[in-house]
There are 2 protein chains.
Amino acid sequence: MKRLTLDEIAKLAGVSRATVSRVVNDYPHIKPEVRERIQAIITQTGFQPNLIARSLASDRSGIIGLVIPNTPRMVFTDPFFPTLIQGITRATNRLNITLSLFLFQTKDEEARTIRTILNTGLLDGLIITADRKEDSFVPKFVRHGVSFVLIGRPETNSEITYVDTDNVAGGYMAAEHLIKLGHHRIGIIGANENTAGDDRLIGYQKVLHDYGLALDPTLITFGDFSMQSGYEAMKSLLPANPDAVFIASDTMALGALRAIREAGLRVPEDIAVVGFDDLPPATQSDPPLTTIQHPIEQLGVTAVELLSKMLNGIDAPPTHTILPAKLIIRASCGAEQSEATQT
Amino acid sequence: MKRLTLDEIAKLAGVSRATVSRVVNDYPHIKPEVRERIQAIITQTGFQPNLIARSLASDRSGIIGLVIPNTPRMVFTDPFFPTLIQGITRATNRLNITLSLFLFQTKDEEARTIRTILNTGLLDGLIITADRKEDSFVPKFVRHGVSFVLIGRPETNSEITYVDTDNVAGGYMAAEHLIKLGHHRIGIIGANENTAGDDRLIGYQKVLHDYGLALDPTLITFGDFSMQSGYEAMKSLLPANPDAVFIASDTMALGALRAIREAGLRVPEDIAVVGFDDLPPATQSDPPLTTIQHPIEQLGVTAVELLSKMLNGIDAPPTHTILPAKLIIRASCGAEQSEATQT
DNA sequence: CTGAAAGCGCTTACAG
DNA sequence: CTGAAAGCGCTTACAG
């Protein structure tokens, strides 16, 4: 199907192609009747400008990239990325932005992809999921002057625009909830792969300190976001006799719950559990799981909006946007969940 | 960072820009020493051609779109799409293709997105997940002459290239496994949202027929791929006294297992279960779940390879590629799984 | 084997 | 308010 061009529309309307271009791009100063005449022809013919040509002429492609490096969560047990992608596409759809996806598993794929992203001029900007600490490529992007926003706090560089969940508050709420239920020996299964894990631990430590509880190092364990690691961390935690545990990811919580069950303990009678994340209640087959929810989808929406502003406006200083976390108390499995929000 | 152009490389090498272009694009007939000289400069400067300019000149963007319409599975409880995306990106990375993602939730988003895809000339081709039957937009793509391959068998049009899992064989294997275990009243929780559901039911019916078992209509129920629908379907199935059940999706199986548990029945002693799909064993918290695995990731890889061939070669006739399904017998939850493959 | 030149379909100062 | 024209950075017949 032969595609119409600006020139052809111009011919049909009896004007120059420049004028048609202005109408298409909503330029203010066009004589109303001319605008209408052209507009009519456009809607009638269904003309849409060739994006490639526009990109070349305007040096803007309208395409942004979503970069997801290989991460422990990438195994996709975790609905984190799917949910994030949902939020991102909702925003790009609304803003008429095209989204390109860059996943890489191996270092080799990573290197090639990064080079392509940087040098081919295809993308206006990037959204990068910073789900591990040692992302060597982020500095490269900075050096090349690419516009990007990170999802997740970067470990060091504060000159970078990012959006993140308030993980410190999340960890705080989680442990505080357990404290208020009367627990004293509150363990944690943390994670140190990314700053989200760090921050959740910090929140946990903070609240224990605020409530005057001792920080028993034997109650602190780490996993790597996988279910298996949750299982093992819990096994190593049980000898320390926790009466409650905060698990910094629901995926790990699933593993931990298995360890608890295998030890013949009941949740929450023998050991209370608070998770973190946003696993669909679906997946939470077994025991009721109270959890800290982070607004993953909103993270995606916000990231796109920020990037879009960066691309349009004059470059503002780097922004750090922190979205609130929320404590979700689930009464029982599959039952309606009562939501208790805290800030 | 100012990007280098073909012209600048040409100047550095003392040749014309046409020659550089030919080197970049691996044209055969270039004098070796010239090629080497240019190649050296290219690697040294890290030059990469501007993809936008190339696209405009060559009418090929190197970008393909992945279209995921709103589907019941889209809730992402189901790792189907994430896994698929993983396969697709593996292939696009290898073939040096850029992937754009088009998700839409609402009819409105759908309409706008489709128009953009069709008229802006950005994409070379499409991969479309055909996870529901009434995809009104597929005929539009056909009419516009876009190249695309479907993932999942379309309901009617056999003139379309698609890749799919052998769902009939999958349904057959599932029920046959149960028959061989000695079960007689084998129920099914099917799905009729997509042809995968249809085919799995067909396989089930076929094997019952082959083994001379009666087809009791009260043993046939349907869900919509959601966990909740699995729960309800199982509740409606239990009065028919099945001694086994084949559930056409593992997500529904999770719901069904809950219904079974609530009825005070044990799996597999009271009722044996075979699922379908590829939920990570992780999520299968509770009872051991024997399942039919389909090669989701391979589906993605194959789709990309096919599309790539269509875009390069002369248009071949429509191909229908069917990948084998596989029976996975899980000995017990979390334990090592023994894989029994059948064809 | 290589170069000069046209052209891909737009945008955008510049004039008027 | 509108048009003529240059230009974005490539590819690709066409000549030689």
Side-chain angles (χ1 to χ4, degrees), chain A residues 1-39 41-42 45-63 98 116 118-124 312, chain B residues 1-39 41-42 45-63 98 116 118-124 312:
Chain A
M1 203 146 169
K2 184 68 188 83
R3 200 167 283 124
L4 285 167
T5 69
L6 216 51
D7 273 302
E8 293 168 319
I9 301 294
K11 211 147 290 169
L12 288 175
V15 297
S16 79
R17 97 160 135 267
T19 305
V20 179
S21 174
R22 292 186 182 111
V23 170
V24 169
N25 294 296
D26 281 330
Y27 262 77
H29 310 297
I30 308 264
K31 203 191 292 178
E33 59 244 49
V34 176
R35 172 185 298 276
E36 274 159 34
R37 181 153 43 93
I38 296 176
Q39 197 55 261
I41 295 179
I42 289 176
T45 56
F47 168 76
Q48 298 207 243
N50 180 313
L51 250 37
I52 299 281
R54 167 181 285 179
S55 304
L56 185 58
S58 66
D59 202 31
R60 288 281 302 271
S61 69
I63 308 178
T98 300
T116 305
L118 288 176
N119 297 313
T120 59
L122 186 62
L123 304 174
D124 290 345
N312 292 322
Chain B
M1 201 148 173
K2 183 71 189 76
R3 199 167 285 124
L4 285 168
T5 69
L6 216 51
D7 274 303
E8 293 166 320
I9 301 295
K11 210 146 290 166
L12 288 175
V15 296
S16 78
R17 95 160 137 268
T19 304
V20 179
S21 173
R22 292 188 183 109
V23 170
V24 169
N25 294 295
D26 280 330
Y27 261 63
H29 309 298
I30 308 263
K31 206 193 288 179
E33 59 243 50
V34 177
R35 172 185 299 277
E36 273 158 36
R37 179 153 44 94
I38 297 177
Q39 198 53 263
I41 296 180
I42 289 176
T45 56
F47 167 75
Q48 298 208 241
N50 180 314
L51 251 35
I52 298 282
R54 166 183 285 179
S55 303
L56 186 58
S58 67
D59 202 30
R60 288 281 302 271
S61 69
I63 308 176
T98 300
T116 305
L118 288 177
N119 296 314
T120 58
L122 185 63
L123 306 174
D124 289 345
N312 292 322

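Per chain, numbering begins at 1; letters A, B, ... match sequence-line order. Atoms considered below: every heavy atom in the structure, side chains included; atoms not considered: hydrogens, waters and symmetry mates. Because the structure is predicted, anything quoted here is derived from the model rather than measured.
Comparing D:dT12, D:dA4, C:dG7 against the side chain of A:Ala18 picks out D:dA4 as the nearest. Considering only side-chain atoms of A:His29, the nucleotide from D:dC10, D:dC1, C:dC10 that sits closest is D:dC1. When distances run from any side-chain atom of A:Ser58 to the nucleotides D:dT11, C:dC10, C:dT12, the shortest one goes to C:dT12.
Atom C1' of nucleotide C:dA6 and atom CG of B:Asp59 are separated by 16 Å, given to the nearest angstrom. What separates CG of A:Leu56 from C1' of C:dG7 is a distance of 12 Å, to the nearest Å. Computed from coordinates, the B:Asp7 CG to C:dA4 P distance equals 11 Å when rounded to whole Å. When the P atom of D:dC10 is taken as reference, atom CG of A:Asn50 falls 17 Å away, rounded to whole Å. Distance A:Arg17 CZ to C:dT12 P: 14 Å, rounded to the nearest Å. Rounded to an integer number of Å, the gap from A:Arg3 CZ to C:dG9 C1' is 11 Å. Atom CD in A:Glu8 sits roughly 9 Å away from atom P in C:dC10 (whole-Å rounding). The separation between B:Arg37 atom CZ and C:dC1 atom C1' is 13 Å, rounded to whole Å.
For the pair A:Ser16 and D:dG3, the criterion of a side-chain N or O lying under 4.0 Å from OP1 or OP2 is met. Phosphate contact (OP1/OP2 of C:dG3, side-chain N/O of B:Thr19, threshold under 4.0 Å): present. In this structure, A:Ser21 does not reach the C:dC10 phosphate: none of its side-chain N or O atoms is under 4.0 Å from OP1 or OP2.
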As a quick check of understanding, evaluate side-chain contact (heavy atoms from CB on, under 4.5 Å) for B:Val20 and B:Val15, giving each step before the final call.
CA-CA 7 Å; B:Val20 179; B:Val15 296; 3.7 Å; yes
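You'll find a donor-acceptor pair under 3.5 Å spanning the side chain of B:Arg22 and the base of C:dG3, going by distance alone.
Residue contacts shown for A:Asn25 are limited to sugar-phosphate atoms, with no base heavy atom under 4.0 Å away. Contacts of B:Leu6 with the nucleic acid, taken as non-hydrogen atoms under 4.0 Å apart, include base atoms.
On the C1' atoms, C:dT12 is 16 Å away from C:dG16, given to the nearest whole Å.
A 3.5 Å limit on both hydrogen-bonding distances identifies D:dG16 as the Watson-Crick or G-U partner of C:dC1.
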